[in-house]
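One structure below.
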Amino acid sequence: MIADDTIFALSSGQPPAAIAILRISGPRAGQALENLTGNLPNPRVGTLRNITDMVNGTLLDQALCLWFPGPESATGEDLAEIHCHGGRAVIRAIEQALDRINGLRRAEPGEFTRRAFTHGKMDLAEAEGLSDLLFAETELQRKAAVRNAGGALSRKIEDWQQQILRLSAQVEAELDFSDEDDVAPAQLVIIQQEAKSLSDDMGNLLLRPRAEKLRDGIRVVLGGPPNSGKSTLLNALVEREAAIVSDIAGTTRDVIEVPIALGGIPFLFIDTAGVRESGAEAIEKIGIDRAHEQFSAADIILWLGVEGKGPDSKNLVEISSRSDHPDHETKGPDAFTLSPVTGQGMDALVDYLIARAKDMLPNGDQVSVNRRQAGCLTAASDSLAAVGSEQDYLIIAEHLRMARKALDEITGRASTEDMLDGLFGKFCIGK
């Protein structure tokens, strides 16, 4: 539904700053800008104006103003921007002046982007890419987010949609006009082959690592028996005192999570309670249970200590972490031998983690999908694959329709309000 009210918000970073950008979007945006400046500037031309309180005529600031008549604007509706000085008092004064204009209200989180989606200025896949871009902290995250925000996935989906529509048209021609001499009937085998080719193409995209892995980071869980040096290793990896280190066994009772980038790759290092089969009191047992939950969700498990056996996982890496101790015991030829205290062997471990992570993350130069998009894409691929076993054109037409519907859900042509609320609610106010 097209919004008929007008919203405003600070769209730049939090003050103080050299410049602040106040954005106004909606049918009264032009009137609001005219009230504050006396007249509208030429469309899409930055113009210096005095910003004046319309109630008492007080000069609030001198600012660069821009006017974007809809639908040729970022939100698809009338849009105004005020580029003023970034002091808190200046921003507060202009916001209060806007508050007093009838029909204006402060924007909710993500409301500008939602209006852009509503007016067809971006689709849902592009909006999700923009969300990832806003939260990107590493170069890999930025590159992947820029591709999706720029429409790389959307263009792929549109290409698939057009191919499915073409197949649907052939099926409809066969259903409606196969008895007419001037219409060539669709060839079932060709339709089935092309549907399979589309399904396989989607399947290749689904085989790539998920976008969430790039956003959330590679989960590296440190495990081992009590007092095996997990917290010391964590502090050495993240280069700060993130966990309490003590000679007292069982010091770590709960999960400690520390996000960090290594080699431009996002990681989430997780320290866990020491794992032992017996002798743990009630609270320590809770910590041990939580450690096992972390092992199940880990991308990599660094298992320390010579006592006890680590979880049965292909992602487990043996660590012998006390090479500086005179009573140090090695764990075998495949284990990393190192000392977080002296730094011996740490570079080799970090290099290994970076190399492993690169195999788990999507390539920043390729399109990748998140969990929601993957679910829709799987449904589309399955519907197309089902065409290969059908002889009835009515059923084939339904499979093709279901494939188109699943792809529509990726771009937002068929989306629920709850899902949209969840996405745009994560945006900052003013975006």
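Here the structure is a predicted model, which is why all the values come from computation and not from measurement. Note: hydrogens, waters and symmetry copies are ignored here, and every other heavy atom, side chains too, is used.
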Under 3.5 Å, is there a donor-acceptor pair between the Gln170 and Glu174 side chains?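 No, no side-chain donor-acceptor pair sits under 3.5 Å.
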
Do the side chains of [X] and [Y] get close enough for a salt bridge, i.e. N-O under 4.0 angstrom?
X: Glu95; Y: Arg92; result: no
X: Arg166; Y: Glu194; result: yes
X: Glu398; Y: Arg401; result: yes
X: Lys143; Y: Glu139; result: no
X: Arg100; Y: Asp53; result: yes
X: Asp408; Y: Arg404; result: no
X: Lys213; Y: Asp359; result: no

Give the C-alpha distance, both sets of side-chain angles, the deciding distance and a yes or no for side chain to side chain contact (heavy atoms under 4.5 Å, CB included) between Asp382 and Met402. CA-CA 10 Å; Asp382 290 346; Met402 293 299 293; over 6 Å; no

Restricting to non-hydrogen atoms, name the atom on [X] and the atom on [Y] that form the minimum distance, rounded to 0.1 Å.
X: Arg23; Y: Ser11; value: CB-OG, 3.3 Å
X: Val275; Y: Ala291; value: CG2-CB, 4.2 Å
X: Pro266; Y: Leu214; value: CG-O, 3.3 Å

Could you list the residues that satisfy ring pair (Phe, Tyr, Trp, His ring centres under 6.0 Å) with Phe68, not counting sequence neighbours? none

How would you list, by chain and number, every residue that makes a ring pair (Phe, Tyr, Trp, His ring centres under 6.0 Å) with His83, sequence neighbours excluded?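 With sequence neighbours excluded, His83 shows a ring pair (Phe, Tyr, Trp, His ring centres under 6.0 Å) to no residue whatsoever.
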
Anything under 3.5 Å between a donor and an acceptor, one on a side chain of residues 42-49, the other on a protein residue two or more places apart or in another chain? List them.
from, atom 1, to, atom 2, distance (Å)
Thr47, OG1, Val45, O, 3.1
Arg49, NE, Asn39, OD1, 3.4
Arg49, NH2, Asn39, OD1, 2.7

Would you list the pairs meeting side-chain hydrogen bond (donor to acceptor under 3.5 Å, both in side chains) in which at least one residue belongs to residues 64-75, sequence neighbours left out?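 Residue pairs with at least one partner in residues 64-75: Ser25-Thr75.
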
Parallel, tilted or perpendicular: ring planes of Phe336 versus Tyr352, cut at 30 and 60 degrees: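 Rings of Phe336 and Tyr352: tilted, 30 to 60°.
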
Run the side chain to side chain contact (heavy atoms under 4.5 Å, CB included) check on Val350 and Phe267 step by step: do they pass? CA-CA 11 Å; Val350 170; Phe267 285 88; over 6 Å; no

Applying side chain to side chain contact (heavy atoms under 4.5 Å, CB included) to Gln192 and not counting sequence neighbours gives Leu188, Val387, Gln391

What residues, two or more places apart in sequence or in another chain, satisfy side chain to side chain contact (heavy atoms under 4.5 Å, CB included) together with Asp392?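 With neighbours one apart ignored, the set is Leu394, Ile395.
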
Stepwise, does the side chain to side chain contact (heavy atoms under 4.5 Å, CB included) test hold for Ile410 with Leu153? CA-CA 9 Å; Ile410 296 178; Leu153 176 59; 4.3 Å; yes

Taking the side chain as every heavy atom from C-beta outward, state whether Leu338 and Leu233 have any pair of such atoms under 4.5 Å apart. yes

Step by step, would you call Met346 with Leu237 a side chain to side chain contact (heavy atoms under 4.5 Å, CB included)? CA-CA 8 Å; Met346 290 297 297; Leu237 286 167; 3.8 Å; yes

